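Inspection log for the structure reproduced underneath, given as structure tokens.
Chain letters run A, B, ... following the sequence lines, proteins first and then strands; every chain starts at 1. Just so you know, these numbers come straight off a predicted model, no measurement behind them.
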There are 2 protein chains.
Amino acid sequence: MTKTTLERRSGISLWRQIAQHLHEEIKSGELQPGSKLPTEPHLARRFGVNRHTVRRALSVLQEEGLVSIEQGRGTFVRTPNADYHPGEDAHLSGNIGREGREAGGELITSRHLAAEPKVAAALGLRPGEDVILLELLHLVDHRPVSIASHYFPAHRFKGLEKRFLKSHSITQALKSYGIADYMRKRTKVNASLPNSEDARVLKMPRGQPVVVAENVNVDLDGKPIEFTISRSAGGRMQLMFER
Amino acid sequence: MTKTTLERRSGISLWRQIAQHLHEEIKSGELQPGSKLPTEPHLARRFGVNRHTVRRALSVLQEEGLVSIEQGRGTFVRTPNADYHPGEDAHLSGNIGREGREAGGELITSRHLAAEPKVAAALGLRPGEDVILLELLHLVDHRPVSIASHYFPAHRFKGLEKRFLKSHSITQALKSYGIADYMRKRTKVNASLPNSEDARVLKMPRGQPVVVAENVNVDLDGKPIEFTISRSAGGRMQLMFER
DNA sequence: ACGTATTTGTTCGTATGTATC
DNA sequence: GGATACATACGAACAAATACG
């Protein structure tokens, strides 16, 4: 048992430090999935804190889904579910129009950045290529209901930010590049807890989930022109797919 | 300050009882949105418990989004966000096939019950009318990914449970009632945290959100025949709407 | 501007209950 | 039944953020 020292009166509470420490040990593989963590009294001695402090940290890991705490048995590293990739047998399919996206919203940020692998793959680019990000806040009745990050290949849409501001409509801006029409190619829907920034902007508690929808729009030739990730406050609005 | 008595060693922990009590006071409107709750020491005296016990209960309400706790200021009833009903400007539309639903799954429960208002409205019945509930667990690679509650009007589909068990397919069972074909009318997608039962069945932590999809299927005359509420483990599978 | 009271946040200590091994 | 391990509850003290005179 190596005693791990924490920084006391550092401004960061001990349970947060412990949670972060254990989080990293799990993510790094030092603590293998399925393995049993040391007992609470053991961890308390290791970190030199009270058992309550350890319990507070463990409850955070449980909420994150990293461990499962089982009374009388112990605390175990959960088998990650990231290794599962949804196959053809686990999805719904259909055609989605592009209604609703015209409403646009308030522009939060607009900048260039290097495409992360996920964005690059969606847009058919190489990771690191220049992309434009427009981040819009969607308000309904003066209440924020969703944030959407729109990514575009920069080489094809130089100056998109300015053209967007003229009409305040993505569709209009794209038209000025000769994109007469485009269509939604794929939409993936998922749920997660909001990061602190999204929670703040959406004025929602971090414990309340958001619906995350990712979709790719392609032009009439089938080339990807836009990748969107939207986060909608759970309970505040509902994505609706209607016939 | 009216002292509220709790049931000690009733099998339900004190903090749960307090959380439920305050939850109801908020939902009933006894505690108005924006109003300040009594201080923690005050609540502790009122319920005759330690301040820690009150804090545990308050943290639950905070995670539920019912209150916001602010250091140095107090605890306040949050303005509810349930008063927003998504309108035409806040939805996506499109056609959704019914692929993926054939995969069916393992039957968890099958019973009759009185239609709750929500179910009744979806099926075009009066609240309290007899409905059949089939609850299916959907497995992929031996891992549970979603639970779906399927509601049917009982008067139209007598003995549906048995017919379902013969083919293990809802579509097949409906065919035996002369339903040649039917279609998805509307799908609403949302996110929430799972109840303890769903979390247990899906083998997921309660802190991790689920995607909740509600949809109504109608026959070729447009009459509702099935109302489905599915809960999918966030991160484990993705609903996919594809062109 | 400052000090003080109020209110929530963190940490420790202790005791007892409940589930599992 | 006994030992182990997590769950609940109480009490005390101090820290940190806020409100107020």
Please evaluate residues Glu24(A) and Lys27(A) with respect to the criterion salt bridge (Lys or Arg N to Asp or Glu O under 4.0 Å), reporting the C-alpha separation (whole Å), side-chain torsions for both, the decisive distance (0.1 Å), and the verdict. CA-CA 5 Å; Glu24(A) 284 166 7; Lys27(A) 281 302 177 193; over 6 Å; no
Does Arg73(A) make a side-chain N or O approach to OP1 or OP2 of dA7(D) shorter than 4.0 Å? no
Taking donor-acceptor contacts at under 3.5 Å, does the side chain of Gln71(A) reach the base of dT18(C)? yes
Sugar-phosphate only, base, or nothing, as touched by Arg51(B) at under 4.0 Å among non-hydrogen atoms: base
Please tell me which of the listed nucleotides, dA19(C), dC10(D), dT8(C), lies nearest to the side chain of Arg8(B)? dC10(D)
Leu37(B) CG to dT7(C) P, straight-line distance once rounded to whole Å: 13 Å
If you compare every side-chain N and O of Thr75(A) against the phosphate oxygens of dC6(D) (OP1, OP2), does one of them come in below 4.0 Å? yes
Quickly work out the Lys36(A) NZ to dT20(C) P distance and round it to whole Å. 15 Å
In whole angstroms, how far is the P atom of dT8(D) from the CZ atom of Arg9(B)? 16 Å
What's Arg55(B) touching, base or sugar-phosphate or nothing? Going by heavy atoms closer than 4.0 Å. base
Gap between atoms CZ and P, on Arg45(B) and dC10(D) respectively (whole Å): 15 Å
In whole angstrom, give the distance that lies between atom CD of Glu70(B) and atom C1' of dA16(D). 15 Å
To the nearest Å, how far apart are Phe76(A) CZ and dT4(D) C1'? 12 Å
Please determine whether a side-chain nitrogen or oxygen atom of Asn50(B) lies at a distance below 4.0 Å from atom OP1 or OP2 of dG11(D). yes
Glu135(B) and Thr109(B): side-chain donor and acceptor closer than 3.5 Å? yes
Are the side chains of Leu137(A) and Val201(A) in touch, meaning some heavy atoms are under 4.5 Å apart? yes
Could you tell me the separation between the CD1 atom of Ile18(B) and the C1' atom of dC10(D), rounded to a whole number of Å? 13 Å
Side chain of His52(B) only, please: which of dC6(D), dC12(C), dA19(D) is the nearest? dC12(C)
CG/Asn50(B) to CZ/Arg56(B) distance, rounded to the nearest 0.5 angstrom? 13.5 Å
Nearest to the Thr53(B) side chain among dC12(C), dC10(D), dG17(C), which nucleotide is it? dC10(D)
Winner on side-chain proximity to Trp15(A), out of dT18(C), dA9(D), dT11(C), is dT11(C)
Length of the CZ-P vector between Phe47(B) and dA9(D), whole Å: 13 Å
Between Phe47(A) and His21(A), does the ring centre distance come in under 6.0 Å? yes
Between Leu14(B) and Gly11(A), which residue's closest nucleotide on DNA chain D lies nearer the 5′ terminus? Leu14(B)
